[in-house]
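Notes follow the structure.
No experiment lies behind these values; they were computed from the predicted model shown. Residues: numbered from 1 along the sequence shown. Side-chain atoms are counted along with the backbone in the values below, which use heavy atoms only and exclude waters and symmetry mates.
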Amino acid sequence: MPKVLLVEDEKDLLLLISESLEIHGYTVSSASSGSEALDALRDHGPFDVVVSDIAMPGALTGIDVAQAVVGQHPGVRVILTSGHPLSHFPPIPKAVEFLSKPYRAKQLLDMIGDVRT
């Protein structure tokens with residue numbers, strides 16, 4: 001089963017999306033901050049996909065997480081999410097995709113669905 005690291009500081013959204021991914025056959029690890037995400041990458045990887053909110057509490061943003069993933073795990077797909085336009089943030093790495101909030105679980109599933117192939 002493909003492994004997904006889901007990084008989201010909104011607890012309800014984290015639970016909802018985790019459950020949706022698991023129902024559709026993904027193994028999900030979750031983190032609620034950038035530092036937790038980096039710990040999960042180190043301790044529970046490798047992952048097939050990392051999905052991360054951009055704006056989170058703490059010193060590390062989703063962009064920091066994306067840069068770490070792209071630099072250390074180049075084969076891992078990264079999807080960043082935010083309720084703010086991408087123009088409000090520093091540039092994201094080229095290989096990283098963006099999904100605007102609010103999004104439906106199906107939108108995310110469609111984006112990561114081809115990981116199984």
Side-chain angles (χ1 to χ4, degrees):
M1 287 197 289
K3 287 179 66 175
V4 176
L5 173 59
L6 180 61
V7 189
E8 175 60 60
D9 62 313
E10 294 179 40
K11 191 177 229 177
D12 291 341
L13 183 57
L14 181 68
L15 291 172
L16 176 72
I17 298 301
S18 291
E19 288 177 7
S20 294
L21 291 170
E22 288 171 350
I23 287 169
H24 286 87
Y26 295 91
T27 300
V28 179
S29 293
S30 60
S32 59
S33 70
S35 60
E36 284 183 23
L38 295 182
D39 290 344
L41 285 164
R42 182 187 64 239
D43 299 339
H44 305 291
F47 292 94
D48 298 296
V49 181
V50 174
V51 178
S52 179
D53 189 10
I54 292 177
M56 293 180 289
L60 298 175
T61 68
I63 295 173
D64 297 322
V65 171
Q67 289 171 334
V69 173
V70 169
Q72 298 170 15
H73 310 279
V76 175
R77 283 189 58 202
V78 180
I79 301 169
L80 291 177
T81 67
S82 180
H84 300 286
L86 203 47
S87 61
H88 283 112
F89 301 105
I92 63 175
K94 281 187 177 185
V96 174
E97 299 171 77
F98 179 74
L99 180 60
S100 183
K101 286 181 176 179
Y103 61 86
R104 295 179 185 270
K106 177 152 179 21
Q107 290 173 281
L108 180 59
L109 286 163
D110 288 345
M111 284 184 85
I112 66 174
D114 61 344
V115 168
R116 295 173 190 238
T117 59

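Under the 4.5 Å side-chain heavy-atom criterion for grouping Ile, Leu, Val, Met, Phe, Trp and Tyr, M56 is not connected to Y103 through any hydrophobic cluster. The hydrophobic clustering, which links ILVMFWY residues whose side-chain heavy atoms are closer than 4.5 Å, places V78 and V49 apart. One hydrophobic cluster holds both F98 and V70 under the rule that ILVMFWY side chains link at heavy-atom gaps under 4.5 Å. A single hydrophobic cluster is not seen to contain both L38 and I79; linkage of ILVMFWY side chains at heavy-atom distances under 4.5 Å, directly or through other members, places them apart. If you chain together hydrophobic residues whose side chains sit under 4.5 Å apart, L21 and L41 never meet in one group.
The shortest heavy-atom contact between A31 and A37 is CB-N, 3.6 Å. Across I63 and P91, no two heavy atoms sit closer than the pair CG2-O, 4.1 Å. Nearest heavy atom pair, residue D53 against residue S82, reads OD1-CA, 4.0 Å. In this structure, Q67 and P93 approach most closely via the heavy-atom pair CG-CG, 3.7 Å. The two residues Y26 and L109 come nearest to each other via the heavy atoms CE1-CD2, 3.8 Å. A pairwise comparison of heavy atoms in L5 and A40 identifies CD1-CB, 3.8 Å as the closest pair.
Take V76 and apply the side-chain contact (heavy atoms from CB on, under 4.5 Å) test, not counting sequence neighbours, and it matches V50, V69, H73.
The closest donor-acceptor contact from the side chain of D110 to the backbone of Q107 lies at 3.5 Å or more, if one exists at all. No side-chain donor-acceptor contact under 3.5 Å links E10 to the backbone of D12. In this structure, E36 contributes its side chain and S32 its backbone to a donor-acceptor pair below 3.5 Å. Remark: side-chain polar atoms of D48 are paired, donor with acceptor, to backbone N or O of K3 under 3.5 angstrom.
For residues 14-23, the set of pairs meeting the side-chain hydrogen bond (donor to acceptor under 3.5 Å, both in side chains) definition, not counting sequence neighbours, is empty. Pairs engaging residues 81-97 under the salt bridge (charged side-chain N to carboxylate O under 4.0 Å, His left out) rule: R77-E97 [sequence neighbours left out].
Around the CZ atom of R42, the shell of radius 6.0 Å holds more than 12 heavy atoms that belong to other residues, nucleotides or ligands. Atom NZ of K106 has 12 or fewer heavy atoms from other residues, nucleotides or ligands within 6.0 Å.
Atoms OG and CG, from S52 and D64 in turn, are 9.5 Å apart once rounded to the nearest 0.5 Å. Atom OG1 of T81 and atom CG of L6 lie 8.0 Å apart (nearest 0.5 Å). Rounded to the nearest 0.5 Å, atoms NZ (K11) and CG (L16) are 14.5 Å apart.
Under the side-chain contact (heavy atoms from CB on, under 4.5 Å) rule, L80 has a single partner from I54, V65, L86, V7, which is I54.
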Working note: V51 + L108, criterion side chain to side chain contact (heavy atoms under 4.5 Å, CB included); need CA distance, chi angles, decisive distance, verdict. CA-CA 9 Å; V51 178; L108 180 59; 4.0 Å; yes

